[in-house]
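Order of listing sets the numbers, starting from 1, for every ligand and every atom in it. Everything quoted here is computed from the prediction, not taken from an experiment.
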Amino acid sequence: MTGPEILIETDASALAEVVADQLVSTLSALQSQGTTPSIVLTGGTIAEKIHEEVARRASDGRVDWSNVEIWWGDERYVPAGDPDRNEGQARVAFLDGVGVDETKVHPMPADDGTDLDAAAARFAAEVGTRTFDLVMLGLGPDGHVASLFPGKPTLAETERTAVAEHDSPKPPPRRITMTFPVLNRGREVWFLVSGSGKADAVARALTGSPVEQTPASGVHGSEQTLWMLDEGAASALPDELRPS
Ligand SMILES: O=C(O)[C@H](O)[C@@H](O)[C@H](O)[C@H](O)COP(=O)(O)O
């Protein structure tokens with residue numbers, strides 16, 4: 001496992017285009033090797049821009065979207081169809097337009113009245129021992145990734161692949177999240193971060209801040225970790241970490 005690689009683009013639009021291009025290239029290359037790629041999507045605003053850029057590239061035919069396994073790193077535990085769901089946002093932004101195979105799309109459970117912990121356990125069983133070719137993660141200003149938040153007991157989870165978060169500091173409060181053990185099964189992990197509001201969290205994560213304070217510090221790809229930033233998100237990086 002090599003150290004994190006950092007890419008810096010001028011702004012959110014440029015970042016979204018670069019990430020979408022790299023996602024298409026990565027998936028196309030895996031499929032040309034005969035692999036059915038498995039990717040983990042994230043929620044959030046830069047993710048939304050990226051998804052829209054992916055939709056714009058669908059007509060180039062480089063990716064057979066019916067042959068991609070699609071997962072999410074976290075989900076808000078709200079009823080199906082609620083606009084807060086990461087799954088619904090991704091479907092509207094690109095999934096519904098690229099010809100996915102629904103048997104390969106693995107949304108986390110929606111709130112159907114089932115107990116949250118039971119729903120998380122059901123999803124954890126679906127993940128099982130799977131590994132992923134690519135895990136994409138947004139970053140909160142507090143350094144959270146997925147729905148793994150500073151100071152929470154979920155950061156210490158070493159067995160279960162997904163757990164419930166009952167009291168997210170980022171609304172809505174009830175969520176399901178993949179845990180460090182499974183996020184770190186990603187061959188590649190891409191952190192997708194835009195805006196000066198995230199700059200301190202980016203700098204903390206890349207300069208060894210403890211996981212308890214900056215959960216992003218706890219996630220590394222088994223082969224590669226890529227920080228894909230815009231200038232705002234990179235603005236607190238020590239000079240020595242900025243790509244030359
Ligand atoms: O469900 C969620 O809220 C996301 O998965 C979360 O982890 C998000 O990626 C970060 O909070 C960044 O979100 P923004 O890009 O909107 O700041």
Side-chain angles (χ1 to χ4, degrees), residues 9 11-16 18-20 23 39-54 70-80 82-93 95 106-111 116 119-120 123 132 134-152 154-155 162-180 182-184 186 189-202 204-205 211 214-219 226-236:
E9 304 302 331
D11 57 22
S13 299
L15 177 62
V18 165
V19 175
L23 177 60
I39 62 174
V40 177
L41 301 180
T42 181
T45 45
I46 188 60
E48 181 79 1
K49 290 182 187 299
I50 293 164
H51 295 163
E52 289 164 359
E53 288 301 328
V54 172
I70 294 166
W71 300 79
W72 278 264
D74 73 329
E75 186 59 275
R76 293 81 178 282
Y77 197 60
V78 292
D82 186 302
D84 258 350
R85 279 189 57 84
N86 290 331
E87 172 205 2
Q89 291 173 24
R91 284 188 181 278
V92 168
L95 291 178
H106 308 274
M108 289 182 170
D111 183 356
L116 174 53
F123 181 74
F132 304 98
L134 172 60
V135 172
M136 291 186 280
L137 292 169
L139 179 75
D142 59 358
H144 80 256
V145 288
S147 286
L148 296 168
F149 294 95
K152 294 285 187 177
T154 53
L155 302 181
V163 293
E165 171 53 62
H166 290 262
D167 183 24
S168 164
K170 175 180 180 181
R174 300 197 318 151
R175 294 156 171 255
I176 296 173
T177 186
M178 284 184 176
T179 55
F180 285 135
V182 77
L183 293 175
N184 289 329
V189 168
W190 298 356
F191 290 96
L192 313 168
V193 196
S194 169
S196 56
K198 311 293 179 69
D200 286 343
V202 169
R204 292 200 314 272
V211 170
T214 309
S217 300
V219 184
L226 200 48
W227 285 78
M228 304 177 89
L229 312 172
D230 65 8
E231 281 293 355
S235 58

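- Under the salt bridge (charged side-chain N to carboxylate O under 4.0 Å, His left out) criterion, Asp111 pairs with Arg174, sequence neighbours left out.
- Between Glu75 and Arg85, at least one side-chain N (NZ, or NE/NH1/NH2) sits under 4.0 Å from a carboxylate O, which counts as a salt bridge.
- Between Glu53 and Lys49 no salt bridge is recorded (no basic side-chain N to carboxylate O distance below 4.0 Å).
- For a heavy-atom separation below 4.0 Å, the residues in contact with ligand 1 are Thr42, Gly43, Gly44, Thr45, Ile46, Asp74, Arg76, Asn86, Gly138, Leu139, His144, Ala146, Lys170, Arg175, Lys198.
- The aromatic rings of Phe132 and Trp71 sit perpendicular, their planes meeting at an angle over 60°, well past the 30° parallel limit.
- Formation of a donor-acceptor pair under 3.5 Å by the Glu165 side chain with backbone atoms of Asp167 is found in this model.
- Taking 4.5 Å as the limit, some side-chain heavy atom of Glu48 sits within range of a side-chain heavy atom of Gln89.
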